[in-house]
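Before any comments, here is the structure.
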Amino acid sequence: MNELEQYLTQLGQAHGFTLEHLEANRQGRIHAEQVSRSKGRGGPITAIVFTVLSAVGGSVGAFLYYDDARKPLARLDRNALVGILGATVLVTLFFLAIAVSSVRARKRRVAAFEAGRVEVLSGPVVKKGVQGRGGNPGAFHLHFGDRRFWVLRQTWELVTHGATYRAYVVNDQLLSLEPVAR
Amino acid sequence: MSEYEMMQWAGLAAGAGVVGAGIYGLVRFFRKLDAIWPDTAAKYGLSFEKKHEGSALGNSTEVLSLRGPTLEVLSMREQLGNRRRTSTVVTAKGATPGGTLLEVSRNRPKAAFHLVTTGDAKFDNLRFVLSESKDRAKALLTPPVREALLRCRQWELRIACDGSQVMVSFGDLVTDHAALSGPIDVALAVARGAT
């Protein structure tokens, strides 16, 4: 394995692509594994689970409160019930909005990956990173001109600031990248 | 005065001494910090200017600059909400090879693909230079530049040459004279070496 292949393997391990994926991207194709990975439902499922949990949790809480209260309901109990139900609706709507946007984003992503158009960006990379402090995660970005890509710290550390790279992009997602000789 | 009262006075005096020493230490520390920029300006024959915008409790920007005919240092500290950003750029004029960019770190890089080795074992073991133009980077890393880089305390430095000037930049706070004069010496060494 030559020096370049070794570097590409390192970049691939950090960013989640193989030399086979990269070769497909170079030819303007998206590898089947990259397409199947784009169909992941983790985000929408998590958001939907939180929506259901908040709706069910709030409703059950309100019902238990009502069941426990002396009938007919006193004004204080009625206000507390309205408060619980109001908070439940607000929290559920919040998670619902996240779920809807997550489902839409997935739909757009899957459509873009199935369309199979790979965008190629080439140029010097500008690395920008904010180290996380006090338990906060850091944010690491690679800039190709005015385009910015969020990457894991491992990928960020392997890229050389100012060096020329070619990036293969689908739906604003950095699929793979490689150094280019100037 | 009873023994008990004397002990109370002694305790008060000791407390005042500790508080006084703390205040004296803080004043000395801040005076030392404030003196870094004017002292460095005097050392390199530059003019010093300090600008501050914004309030102490809100968003603020502080710009410190040293200017001379062939050398300029610009340091900016920004406080935006709960984020703080610090950057310092040293610019020295000199006919440098254009389009050369070096990332110098005290940490060994995770990948050796862009790693530049100079053949100077001491330097190569202590400073790690990354650049895609390895030959131009090697040509820039003359013995005086390597020596200046070894004296630098910064964990990471970026050196960029655009043909007519060299820019050395870093993000660390300047907390002593060496932290400022180190990168200045690097910029001057690169500019001198290239001309």
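Each chain gets a letter, A, B and so on, in the order the sequences are listed, and its residues count up from 1.
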Within 6.0 Å of [atom1] in [X], more than 12 heavy atoms from elsewhere:
{"X": "A:N79", "atom1": "CG", "result": "yes"}
{"X": "A:R104", "atom1": "CZ", "result": "no"}
{"X": "B:F48", "atom1": "CZ", "result": "yes"}
{"X": "A:E119", "atom1": "CD", "result": "yes"}
{"X": "A:Y66", "atom1": "OH", "result": "no"}
{"X": "A:R117", "atom1": "CZ", "result": "no"}

Quick check on [X] against chain B: is it the side chain, the backbone, both or neither that has a heavy atom closer than 4.5 Å?
{"X": "A:L11", "result": "neither"}
{"X": "A:P179", "result": "side chain"}
{"X": "A:E3", "result": "both"}

Identify the residues of residues 152-163 of chain B whose heavy atoms come closer than 4.5 Å to a heavy atom of chain A, ordered by number, or report 'none'.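 At a heavy-atom separation under 4.5 Å, chain A is reached by B:R158.
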Please output the side-chain donor-acceptor pairs of residues 55-64 of chain B that fall under 3.5 Å, not counting sequence neighbours, one pair per line with the distance.
| residue | atom | partner | partner atom | Å |
| --- | --- | --- | --- | --- |
| B:S55 | OG | B:G58 | N | 3.0 |
| B:N59 | OD1 | B:G81 | N | 2.8 |
| B:E62 | OE1 | B:R77 | NH1 | 3.4 |

Practice item. Taking all non-hydrogen atoms of both residues into account, name the closest pair between B:A111 and A:L158 and its distance. Key: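 Minimum heavy-atom contact is CB-CD2, 3.5 Å.
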Does A:L53 sit in a hydrophobic cluster with other residues, and if so which ones, taking ILVMFWY side chains as linked at heavy-atom separations under 4.5 Å, directly or through other members?
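Grouped by the 4.5 Å side-chain rule, A:I45, A:V49 form the rest of the cluster around A:L53.
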Report the relative orientation of the aromatic rings in B:H114 and A:Y165; use parallel for angles under 30°, tilted for 30 to 60°, perpendicular for over 60°.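 Because their plane-to-plane angle is over 60°, the rings of B:H114 and A:Y165 count as perpendicular.
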**Asked** Can you list the steps and then say if B:E132 with A:T160 is a side chain to side chain contact (heavy atoms under 4.5 Å, CB included)?
**Response** CA-CA 8 Å; B:E132 69 171 335; A:T160 304; over 6 Å; no
Quiz: residues 26-33 of chain B side-chain donor-acceptor pairs under 3.5 angstrom, not counting sequence neighbours:
none

To the nearest 0.5 Å, tell me how far B:S105 OG sits from A:H161 NE2.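 One finds 13.5 Å between OG of B:S105 and NE2 of A:H161.
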